[in-house]
Amino acid sequence: MLTATTLVLVVAGAAAVQARDDARERARVASISADVALVAEPLTDPPTTRWTAPATSVLGWSVRVDDALVGVSADGAEGPEVLAVDTATGAELWRTAVPTRAVADDPDRPEARSPVVEPPAARPLADTCVAQPAVEHAVACLVTDAGGLVPDGGSTTPRPTVAAMVVLDTRDGRLLQDLTDDLPHPTPTRITTTGDGPAVWDVADDVLRVRAFTRDGDVAWDHEAPAPPDGHRDVTPLADGVLAVITPRTVQLLDTAGRVLRVVDLPPDSSVERLDAARLVVAPGAETYQRSSDGSSTTTPDELLVVGVHGEVRVEGRYVPSEDDGSVPGLLLTQVDRRTLQAWDGDGTPLWTWALDGAASSFDQDASTTVLDGRVLLASPGRLVALDARSGAELWRSAELTSAQIMTDGHLVVGVAQRREHGEGGELVALRRDDGTVAWRAPLPAGADGAVVAFGLLVAYESREDGALAVLHVLGPPG
């Protein structure tokens, strides 16, 4: 006989199990890699419009710290300003004027300086602020009159004439550190992070120069690497505080003290991409791909070099870019021929293959791949296929989405579909990740063409006739 006491114990036990499962699920979502188009807020119910703004007021911002979008505007009343916007409402939280100083990188060789390109009025400068990795509520911003700009007809960022570097409190815009006097020469235009503090870098006279700062604002170290102009140059933070310095000839991995851990020589005509938080992938360049896909063969004998913090491995096939939540550590996907998807583990051991068919037979701009909670999601217009990421077994298919771009809140798979009843416009459709069934549908805001995730926000966008973004609608849970 079920007594009242027994019933209370059963209910309490069930509640404890549910609480434990809920805690595990929250921890899983919280651990999802930043490499996934992850909406920060749960999308249990159809979202509504939170705020609307011109495209340049959102996508131009550099970084999200806490609940603020922070970036540099070139159109302040007295010069450049750093501004913060509330992610929930779009309201301005604060703005801080940043005094800049004139720079003269090479006064003896004025002819070597690139022409200055004036920043467009009322437009934020891209890629000019980064969150301080070791300091809460802090953002570092590099302010120059060349930041975020590329001159017409060239591939070199124009040299700045004024510059400043500051660290601000993201809660109120208060100045924490002014690092302007410690900027190196030539003056850099790009900023990134190390395991301890910000780092600035740039390329001048075919040399890539990096200067790193500590969390306290002191100069930590400097590094230089030859960087000929015929290829990719970049500085990318990886796991364990490792910084990858990428040039057309090498990848140099530096530790938090700026010491060179390893130098990896690159083959000619190769490209380097960030694979995940701990790895880079080196792929043959466009000319090699052209030779292997000219129709003379059904195979693509390409070989990828995977450069990790702790070593390198080589795998066969063409790299298949994917947004990966890290649920299957080390997973790498390649296309080994025109109709076969190959999965590899972190040691370069083959895991499984899957025969591509239909619209997903080629991974191009009309297809995407996402790894979510142990599933590989292959998306192309009109079809979404979910595979077990560890075995390659097909789990489910859906024809609900007409766009290859998919997003997630860690629980649901969200995409855009054309509204069947009207034949125009679109709607957001959320699918359950376990079986692909529809959880909810919601119309896009009037005039919106599609949706993306930016800075953890679900953003519907309107485009102009020339394809440029015009208006953005930031969406969020109702209420």
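Bear in mind that the values here come from a model prediction, so they are computed numbers and not experimental data.
- Under the 3.5 Å distance criterion, the side-chain polar atoms of Thr96 are matched with a main-chain donor or acceptor of Gly173.
- A pairwise comparison of heavy atoms in Ala470 and Arg464 identifies CB-CG, 3.6 Å as the closest pair.
- Closest approach of Ala386 to Leu377, counting heavy atoms only: CB-CD2, 3.6 Å.
- In this structure, the salt bridge (Lys or Arg N to Asp or Glu O under 4.0 Å) partners of Asp222, at least two apart in sequence or on a different chain, are Arg211.
- Residues forming a salt bridge (Lys or Arg N to Asp or Glu O under 4.0 Å) with Arg174 (at least two apart in sequence, or on another chain): Asp169, Asp172.
- The two atoms that bring Thr144 and Pro160 nearest to each other are CB-CB, 3.7 Å, heavy atoms only.
- Qualifying salt bridge (Lys or Arg N to Asp or Glu O under 4.0 Å) partners for Glu81, counting only residues two or more places apart in sequence or in other chains: Arg95.
- The salt bridge (Lys or Arg N to Asp or Glu O under 4.0 Å) search around Asp255 returns Arg259, not counting sequence neighbours.
- Side-chain contact between Val459 and Leu475: absent, with no pair of heavy atoms (C-beta onward) separated by less than 4.5 Å.
- For the pair Ala131 and Thr193, the tightest heavy-atom approach, listed with the atom from each and the gap, is O-CG2, 3.5 Å.
- With hydrogens and angles disregarded, a donor-acceptor distance shorter than 3.5 Å links the side chain of Arg64 to the backbone of Phe455.
- The backbone N or O of Ala389 sits nowhere less than 3.5 Å from a side-chain atom of Arg375 that would complete a donor-acceptor pair.
- Side-chain contact check for Leu331 versus Ser322: every heavy-atom pair is 4.5 Å or farther apart.
- For the atom pair Thr189 OG1 and Leu142 CG, the distance stands at 7.0 Å (nearest 0.5 Å).
- In terms of modelled atom types and a separation under 3.5 Å, the side chain of Trp51 and the main chain of Thr87 share a donor-acceptor contact.
- With sequence neighbours left out, the side-chain hydrogen bond (donor to acceptor under 3.5 Å, both in side chains) criterion links Thr170 to Asp66.
- Under the 4.5 Å side-chain criterion, counting only non-hydrogen atoms from C-beta, Ile246 is in contact with Thr236.
- Judged purely by atom type and a 3.5 angstrom limit, Ser368 uses its side chain to pair as donor or acceptor with the backbone of Ala404.
- No donor-acceptor pair under 3.5 Å is formed between the side chain of Arg279 and the backbone N or O of Val307.
- Here the CZ-CG distance, from Arg262 to Leu253, works out to 5.0 Å after rounding to the nearest 0.5 Å.
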With side-chain contact (heavy atoms from CB on, under 4.5 Å) as the criterion, how do Leu261 and Leu254 come out once you've worked through the C-alpha distance, each side chain's angles and the decisive distance to 0.1 Å? CA-CA 5 Å; Leu261 300 173; Leu254 312 182; over 6 Å; no

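- Counting heavy atoms from C-beta on, the side chains of Leu332 and Tyr319 come closer than 4.5 Å.
- Side-chain atoms of His473 and Thr49 form no donor-acceptor pair, as typed in the model, at a separation below 3.5 Å.
- Listed by chain and residue number, nothing satisfies the side-chain hydrogen bond (donor to acceptor under 3.5 Å, both in side chains) test with Asp347 (two or more places apart in sequence, or in another chain).
- Considering only residues two or more places apart in sequence or on other chains, Asp182 meets the side-chain hydrogen bond (donor to acceptor under 3.5 Å, both in side chains) condition with none of them.
- In this model, a donor atom of one side chain and an acceptor atom of the other lie less than 3.5 Å apart for Thr180 and Asp178.
- The closest side-chain heavy-atom distance from Val474 to Thr52 is not below 4.5 Å.
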Extract all donor-acceptor atom pairs below 3.5 Å that involve side chains of residues 442-450 and protein atoms in other chains or at least two apart in sequence.
{"residue": "Asp449", "atom": "OD2", "partner": "Ser463", "partner atom": "N", "Å": "2.6"}
{"residue": "Asp449", "atom": "OD2", "partner": "Ser463", "partner atom": "OG", "Å": "3.0"}

From CA spacing to verdict: side-chain contact (heavy atoms from CB on, under 4.5 Å), Val414, Val429: CA-CA 6 Å; Val414 181; Val429 179; over 6 Å; no

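- Residues Leu412 and Met407 fail the side-chain proximity criterion, which asks for heavy atoms closer than 4.5 Å.
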Derivation of the side-chain contact (heavy atoms from CB on, under 4.5 Å) call for Phe213 and Leu179: CA-CA 9 Å; Phe213 296 85; Leu179 310 180; 4.0 Å; yes

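- Expressed to the nearest 0.5 Å, how far OG1 of Thr408 lies from CG of Leu431 amounts to 10.5 Å.
- Using a distance-only test at 3.5 Å, with no hydrogens or angles considered, no donor-acceptor pair links the side chain of Thr128 to the main chain of Val143.
- Residue Leu266 holds its CG atom at 7.5 Å from CG of Leu305, rounded to the nearest 0.5 Å.
- When all heavy atoms of Val309 and Ala239 are compared, the pair lying nearest together is CG2-O, 3.9 Å.
- A donor-acceptor contact shorter than 3.5 Å is absent between the side chain of Thr194 and the backbone of Pro198.
- A salt bridge is absent between Arg432 and Asp434; no separation between the charged side-chain nitrogens and carboxylate oxygens falls under 4.0 Å.
- For the salt bridge (Lys or Arg N to Asp or Glu O under 4.0 Å) condition, no pair includes a residue of residues 133-143, sequence neighbours left out.
- With sequence neighbours left out, the side chain to side chain contact (heavy atoms under 4.5 Å, CB included) criterion links Arg209 to Pro186, Ala204, Val207, Glu224.
- Side-chain polar atoms of Asp265 and Thr250 form no donor-acceptor pair below 3.5 angstrom.
- Pairing each heavy atom of Val264 with each of Glu312, the nearest pair is CG2-OE2, 3.6 Å.
- Thr334 and Trp344 are linked by a side-chain donor-acceptor pair at a separation below 3.5 angstrom, with hydrogens and angles left out of the test.
- Of the possible polar contacts, none joining the Thr402 side chain to the Pro381 backbone as a donor-acceptor pair under 3.5 Å is found.
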Might you work through the side-chain contact (heavy atoms from CB on, under 4.5 Å) test for Leu428 and Leu458, ending with a clear yes or no? CA-CA 11 Å; Leu428 288 172; Leu458 180 59; 4.0 Å; yes

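- Qualifying side chain to side chain contact (heavy atoms under 4.5 Å, CB included) partners for Val135, counting only residues two or more places apart in sequence or in other chains: Gln132, Ala138, Arg215.
- Taking the side-chain hydrogen bond (donor to acceptor under 3.5 Å, both in side chains) definition, one finds that Thr48 meets it with nothing, sequence neighbours left out.
- In this structure, the separation between CD on Glu41 and OG1 on Thr44 is 10.5 Å, given to the nearest 0.5 Å.
- Residues Asp325 and Ser327 bring a donor and an acceptor atom of their side chains to less than 3.5 Å of each other.
- Between Arg190 and Arg233, the closest side-chain pair of non-hydrogen atoms is not below 4.5 Å.
- Rounding to the nearest 0.5 Å gives a distance of 9.0 Å between CG of Leu378 and OG1 of Thr370.
- Between Leu280 and Val251 the shortest side-chain heavy-atom distance falls below 4.5 Å.
- Looking only at distances, no side-chain donor or acceptor of Arg249 sits under 3.5 Å from a matching main-chain atom of Thr247.
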